[in-house]
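Since the structure comes first, as structure tokens, the remarks are kept for the end.
Start at 1 and go down the list; that is how both ligands and their atoms are numbered.
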Amino acid sequence: MKKMAIITSYFDGESYGLLGPQMAATVIQENTPFECIVIAVTHSDDKAVLTKALFGYFGKEMPIVGFSSLNGREDIFLFAKALKAEGAITFLAGPQSDVDFLGETGWRDYPHRFRGFSEAFSFALQGPAEQVFPVLEGISNGQWKNASGLLYTDDDCRIVQTPRQSWKNKFLRRVRWNNLYRVGQTGLENLTIISGQVIQHIGCPHAAQAKPVELVYPYHLDSKGEKRIRLKLKGCSFCDVSSDKGFHGALDLDTVLSQIACLPEDAEGRTISFELINENALPGLHRLIQESSGRGMSLSQIKLTLRADWFLSNENHLREALHLARKLRIRILLSSIGFESFDDRILRNLNKGLTVKTNIDAILLMRRLKKEFPLQWAYSNRDGAIHGLIHPTPWDSPETDSHIQQITASCHIHLDILPAHSVPLIIHHASGLADWIREIETSEEICFERYVSVIGWWNEALLKM
Ligand code: SF4
């Protein structure tokens with residue numbers, strides 16, 4: 001059998017499933033003559049051992065290696081480049097693969113901008129995994145360049161890009177959750193997962209439409225907050241999902257239930273815990289639980305990632321789902337709400353589309369529900385939830401710090417809401433905030449340093465001209 005592998009970024013000591021790469025490997029294995037596995041690579045993995053394991057897996061077959069969900073890991077990009085130099089066919093896929101292959105807008109005119117990863121990969125593939133079928137079919141005779149969603153460098157060193165297809169439900173129904181491997185002392189070792197993911201929304205409804213916004217300068221460049229940049233943004237200004245996918249709509253319930261049916265069972269014969277990928281999951285949650293039970297599935301835990309405003313406006317739907325969850329002994333864990341900040345000025349610049357009051361009201365509701373449904377409802381950091389908090393940001397000031405401290409003290413959010421570590425604001429070169437910072441660079445005739453595909457926004461990142 002011909003062989004392919006997908007390499008993806010992972011964390012040490014974990015055992016969670018990776019929906020995107022594992023579903024892609026399933027689609028390839030079930031629809032082409034290729035066996036396809038996913039190899040999860042952590043920071044501590046020895047790349048020489050990985051190379052040996054990889055070539056052991058391919059044997060005499062031509063190595064074809066996809067790279068997906070790399071989270072900006074430079075060590076894996078360098079590994080891909082070395083693999084390509086050794087004669088492997090390497091390609092970049094998954095979220096942001098097109099823009100990461102192409103490089104930052106205007107990089108040929110501005111040498112400090114990110115040049116892209118086109119040298120590290122034979123090509124990139126953006127969009128649904130099934131677009132790779134004609135590539136795999138034609139790779140041995142060079143007849144693969146007409147496939148959809150493809151980016152490659154032509155003989156004149158120009159990047160050619162073909163239009164991508166949209167997602168088809170029939171390829172979103174199945175995941176072989178046993179195709180995930182880690183590199184061990186003796187080669188590739190199968191990893192048993194204890195939690196998975198199920199996709200219900202492709203993209204995010206908050207990113208459905210571009211809207212005009214005004215964002216202020218970083219505090220270190222304009223402490224009075226008078227200078228503004230006008231932009232059109234889809235969704236939150238920092239978000240990868242919004243810039244990569246926008247919103248492609250919801251999958252039908254039958255497709256979602258088919259994915260749930262693929263999840264392995266735990267020792268008690270119940271479906272392992274899974275994260276439902278849908279920022280507005282509450283309106284359909286009762287029906288999803290009811291139908292899965294009707295099809296004989298015994299769910300253990302559903303993890304939700306929601307927006308605070310949609311959580312509040314769908315309280316009745318959630319209560320309905322919690323009553324049914326009580327009957328069926330299912331736990332609903334609100335594993336993440338992207339609060340992002342407890343200062344309105346910062347929330348406005350993040351284009352979050354909600355206020356501190358909404359965030360506080362959501363916290364109060366989460367706590368009330370815990371009293372009413374102590375066994376079915378979980379939301380706190382002690383339950384394993386990691387709520388979104390972005391700090392530091394370019395707009396931090398003594399005033400915003402003081403607001404956040406007041407809320408922390410008065411609402412005791414350190415007890416159940418705040419994560420162990422906040423996440424600094426990261427500006428990916430293709431996000432909404434990247435347009436903002438490039439506008440500032442042009443207006444002020446300054447340059448911020450690039451850290452591979454990330455743009456620095458802090459004072460120390462200013463380059464001397
Ligand atoms: S951060 Fe969340 S709510 Fe905002 S656009 Fe991204 S997915 Fe949607």
Side-chain angles (χ1 to χ4, degrees), residues 19-20 69 71-72 94-96 99 167 197-215 231-251 275-285 303-314 318 333-363 365-366 379 385-395 417 419 422-436 453-455 457:
L19 180 76
S69 307
N71 299 331
Q96 311 282 13
V99 290
W167 278 267
Q197 294 162 307
V198 167
I199 188 162
Q200 189 169 35
H201 268 180
I202 299 179
C204 170
H206 181 51
Q209 275 185 340
K211 292 184 185 151
V213 294
E214 275 191 357
L215 308 186
L231 295 169
K232 275 195 132 187
L233 284 184
K234 276 197 301 185
C236 302
S237 59
F238 59 90
C239 178
D240 287 356
V241 175
S242 64
S243 54
D244 186 61
K245 295 202 173 60
F247 183 51
H248 285 266
L251 304 185
E275 179 194 348
L276 187 63
I277 300 173
N278 178 351
E279 290 272 338
N280 191 19
L282 298 184
L285 189 58
K303 295 191 212 167
L304 302 174
T305 299
L306 303 175
R307 282 178 57 89
D309 48 355
W310 295 338
F311 168 65
L312 281 173
S313 60
N314 288 291
L318 177 56
L333 168 61
L334 181 51
S335 57
S336 181
I337 279 197
F339 294 115
E340 321 306 5
S341 180
F342 291 93
D343 178 84
D344 279 328
R345 178 185 151 111
I346 294 176
L347 285 171
R348 263 198 309 280
N349 286 298
L350 296 174
N351 200 34
K352 194 70 202 176
L354 46 75
T355 61
V356 173
K357 180 176 182 325
T358 310
N359 280 346
I360 300 297
D361 287 347
I363 291 168
L365 176 58
M366 286 151 75
Y379 76 93
I386 304 176
H387 299 299
L389 181 71
I390 301 179
H391 184 84
T393 79
W395 309 284
I417 300 298
S422 58
V423 177
L425 183 95
I426 292 169
I427 302 183
H428 180 266
H429 72 96
S431 68
L433 281 178
D435 290 336
W436 165 78
S453 57
V454 168
I455 306 176
W457 50 261

Relative to the ring of His206, is the ring of Trp310 parallel (under 30°), tilted (30 to 60°) or perpendicular (over 60°)?
-> perpendicular
With a cut-off of 2.8 Å, which protein N/O/S atoms are close to atom 6 (Fe) of ligand 1, if we only count those under it?
-> Cys239 SG
Sorted by first residue and then second, give each side-chain hydrogen bond (donor to acceptor under 3.5 Å, both in side chains) pair with at least one member in residues 350-360; sequence neighbours left out.
-> Glu340-Lys352, Thr355-Thr358, Lys357-Asp361
So which heavy atom on Cys236 is nearest to which on Ser242, and how close?
-> O-OG, 3.4 Å
Nearest heavy-atom pair of Gln197 and Leu19: which atoms, and what distance?
-> OE1-N, 2.8 Å
Validation row: Leu251, Trp167 side chains within 4.5 angstrom (heavy atoms) | no
With a 4.5 Å limit on heavy-atom distance, are the side chains of Ile363 and Tyr379 in contact?
-> no
Shortest protein heavy-atom distance from atom 3 (S) of ligand 1, along with the residue and atom involved | Arg307 NH1, 3.4 Å
